[in-house]
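Here's the structure we're looking at; comments come further down.
In this text, all values refer to a predicted model and were calculated from it rather than measured experimentally.
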Amino acid sequence: MKIPSFFKKGIFYFLLVFITGCSALMTSIGNSKVDDAINIYSTRGLTSDGTLQLISGLEYYPESQIGINQYRKQYLEITQLKNTIIKKKNFNQQDLNALNLYLLTIEEFRKIQPKIPTIAIDYNDFNRSKFEIIKIFENFISKDEKLNISRNQKIDNINFYKKLNKYINSYLINNIILNLQNDVTINLYITSSFRGFSGLDSLVTNSLMQASDMNPNRNLGNYIIFKGYNDFISPNFNNYFIDFNFSNVYIRVIETKEETKDNHKIFIVKKRITVSGYYKVYSQNTIPAIKYFEFSENYTLKTETNNSTTFYDDERDIVKTILKNKFSNIIHYDLRNLF
């Protein structure tokens, strides 16, 4: 089948307009990113945020002469700063951040350099410098890691070491990070010493157990791993457990009403369940931390009668679902903020 010439021309012009539009959009995005990067540099100096934004802008619009000139300027400046720092005998975190920025400036640009061959990077100098920087990072972290510091400071160090190791992938630094992660990781267990006598008391305890079993090995963030429900765990440096106690567990009726619809009688009851209490956090510390909690939620029960047949909602199932959701929320959001 022969395609009409006007149809071919239509496709050609459509593709031309589409490609031109895409090119204009890429140029606009690139210029915007370059402008943002220059503003960051003007207000804050050399930063990783600004450098990444500049390189991203050049990736979108490699022909940006303003972006190319800005990169050359920042590359020269960070290289001069690197040359000054590596001559020092003692280093601080500010020095290490600057050296890491030097690595970032070149490693991230290397990914897009084929698009911008007019920018020349001295890779011989970079490779020599990178070897020196690895030794500086490893020596600094090896000494720093031996300090007797708090858990929060160790977590800060982990994040800092990961950032420094991104462009060098040092085996030594990786091992130090892993050791610190093992030190700060908390295995968190839940139990309950509450012993109620009513069916509702038992339902609350069972719902807590089921909510715990729904979230095994859940990462709560900040190196806290929720392990589930356990009655037999003993606290130590890495194992913490939380003991739930319930002070008040009750259900009260809010409203009742009866409706008739199509010869069906519907009896409606609105209720509210309230649970309050506290939990103790046991760790290697001798005095457990205590936190109080309370939650309430309304629910509706319907009983419908039709031709001598009665249908009714399962209140126990409704209440159990509410309790499991509430306890799951405590596990997801409250427990992570305890440490």
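- Counting heavy atoms from C-beta on, the side chains of Ile273 and Leu200 come closer than 4.5 Å.
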Candidate pair Phe137 and Leu99, rule side chain to side chain contact (heavy atoms under 4.5 Å, CB included), full reasoning: CA-CA 9 Å; Phe137 284 5; Leu99 294 176; 4.0 Å; yes
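- When every heavy atom of Ile116 is checked against every heavy atom of Pro62, the shortest pair comes out as CG1-CB, 3.9 Å.
- Heavy atoms from other residues, nucleotides or ligands lying under 6.0 Å from CD of Glu255 number more than 12.
- Counting non-hydrogen atoms of other residues, nucleotides and ligands closer than 6.0 Å to CD1 of Ile66 gives a total of 12 or fewer.
- Asp49 has its side chain within reach of Arg44: a pair of non-hydrogen atoms, C-beta onward, lies under 4.5 Å apart.
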Tyr279/Leu335 under side chain to side chain contact (heavy atoms under 4.5 Å, CB included): CA gap, chis, key distance, verdict: CA-CA 10 Å; Tyr279 47 84; Leu335 300 187; 4.1 Å; yes
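- The hydrophobic clustering, which links ILVMFWY residues whose side-chain heavy atoms are closer than 4.5 Å, places Leu101 and Leu103 together.
- With Tyr41 as reference, Glu77 is the one residue of Gln74, Glu77, Gln70 to meet the side-chain hydrogen bond (donor to acceptor under 3.5 Å, both in side chains) rule.
- When the ring-ring contact (aromatic ring centres under 6.0 Å, His included) test is applied to Phe109, the partners found at least two apart in sequence or on another chain are Tyr71.
- A distance-only check finds no donor-acceptor pair linking the side chain of Asp95 to the backbone of Ile85 [under 3.5 Å].
- Remark: Lys111 NZ to Gln113 CD distance equals 13.5 Å, nearest 0.5 Å.
- The two residues Gly67 and Ser64 come nearest to each other via the heavy atoms N-OG, 3.0 Å.
- The two residues Leu58 and Ile68 make their nearest non-hydrogen contact at CD2-N, 3.7 Å.
- In summary, Glu132 and Lys135 engage in a salt bridge, as defined by a charged side-chain N under 4.0 Å from a carboxylate O.
- Applying the ring-ring contact (aromatic ring centres under 6.0 Å, His included) test to Phe267 and every residue at least two apart in sequence or in another chain returns nothing.
- In this structure, Asp201 contributes its side chain and Phe197 its backbone to a donor-acceptor pair below 3.5 Å.
- With respect to the salt-bridge test (charged N to carboxylate O, under 4.0 angstrom), the residues Glu304 and Lys302 do not qualify.
- Contact annotation: the side chain of Asn329 never approaches that of Phe295 to less than 4.5 Å [non-hydrogen atoms, C-beta and beyond].
- Taking OH of Tyr60 as the start and OG of Ser32 as the end, the distance is 10.5 Å to the nearest 0.5 Å.
- Side-chain contact of Gln153 with Asn157: a donor-acceptor pair under 3.5 Å is present, judged by distance alone.
- Distance check: Ile290 CD1 to Ile242 CD1 gives 12.5 Å after rounding to the nearest 0.5 Å.
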Side chain to side chain contact (heavy atoms under 4.5 Å, CB included) assessment of Lys166 paired with Glu107: CA-CA 10 Å; Lys166 179 176 180 179; Glu107 292 286 14; over 6 Å; no
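- Annotation: Phe91 is not in aromatic contact with Phe140 [ring centroid separation under 6.0 Å not met].
- Here the options are Lys270, Lys324, Lys326, the test is salt bridge (Lys or Arg N to Asp or Glu O under 4.0 Å), and the partner is Glu297; only Lys326 passes.
- The closest side-chain heavy-atom distance from Leu301 to Ile318 is below 4.5 Å.
- For Arg316, the CZ atom counts as loosely surrounded, since its 6.0 Å shell holds 12 or fewer non-hydrogen atoms of other residues, nucleotides or ligands.
- Residues Ala211 and Ser328 come closest through the heavy atom pair CB-OG, 3.8 Å.
- In this structure a side-chain-to-backbone donor-acceptor pair under 3.5 Å is missing from Asn245 to Gly277.
- In this structure, Lys271 pairs ionically with Glu315, as a charged nitrogen and a carboxylate oxygen lie closer than 4.0 Å.
- Atom NZ of Lys88 is surrounded by more than 12 heavy atoms from other residues, nucleotides or ligands within 6.0 Å.
- Looking at heavy atoms from C-beta onward, Ile251 lies in side-chain contact with Tyr299 at the 4.5 angstrom threshold.
- The neighbour count for Tyr123 OH, taken as heavy atoms of other residues, nucleotides or ligands under 6.0 Å away, is above 12.
- In the hydrophobic clustering of this structure, Ile121 groups with Leu104; members are Ile, Leu, Val, Met, Phe, Trp, Tyr whose side-chain heavy atoms approach within less than 4.5 Å, directly or through other members.
- Looking at heavy atoms from C-beta onward, Ile173 lies out of side-chain contact with Leu164 at the 4.5 angstrom threshold.
- Rounding to the nearest 0.5 angstrom, the gap separating the CG atom in Asn100 from the CD atom in Gln93 is 11.5 Å.
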Verdict with supporting geometry, Phe327 and Ile190, side chain to side chain contact (heavy atoms under 4.5 Å, CB included): CA-CA 11 Å; Phe327 288 132; Ile190 277 182; over 6 Å; no
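- The two atoms that bring Ser212 and Phe226 nearest to each other are O-CE2, 3.5 Å, heavy atoms only.
- Within the model, atoms CG of Asn165 and CD1 of Ile141 stand 7.0 Å from one another, a figure rounded to the nearest 0.5 Å.
- By the 30° and 60° cut-offs, the orientation of the rings of Phe241 relative to Tyr282 is parallel.
- Once rounded to the nearest 0.5 Å, the distance linking CG of Leu180 with CG of Asn159 reads 10.5 Å.
- Val281 and Ile225 are not part of a single hydrophobic cluster, where members link through side-chain heavy atoms under 4.5 Å apart.
- Two residues are said to be in side-chain contact when any heavy atoms from C-beta on lie closer than 4.5 Å; Asp125 and Lys82 meet this criterion.
- Grouping the Ile, Leu, Val, Met, Phe, Trp and Tyr side chains by contacts below 4.5 angstrom, directly or via other members, places Leu46 with Ile86.
- In this structure, Asn222 contributes its side chain and Ile224 its backbone to no donor-acceptor pair below 3.5 Å.
- Inter-residue side-chain proximity for Tyr102 and Lys130 is flagged as unmet; no heavy-atom pair is nearer than 4.5 Å.
- Side chain of Asn175 to main chain of Leu172: no donor-acceptor pair is present (N/O by atom type, distance under 3.5 Å, no hydrogens or angles).
- Judged by distance alone, with hydrogens and angles left aside, the side-chain atoms of Ser207 form a donor-acceptor pair with the main-chain N or O of Leu203 at under 3.5 Å.
- A side-chain N or O of Asn69 and one of Gln65 form a donor-acceptor pair less than 3.5 Å apart.
- Between Phe244 and the options Tyr229, Phe194, Tyr189, Phe293, a ring-ring contact (aromatic ring centres under 6.0 Å, His included) holds for only Phe293.
- In terms of heavy-atom proximity, Ser296 sits nearest to Thr274 at OG-OG1, 2.9 Å.
- Transitive grouping of hydrophobic side chains (ILVMFWY, heavy atoms separated by less than 4.5 Å) keeps Val34 and Ile40 in distinct clusters.
- Put simply, the side chain of Asn238 gets close to the backbone of Thr185: a donor and an acceptor are under 3.5 Å apart.
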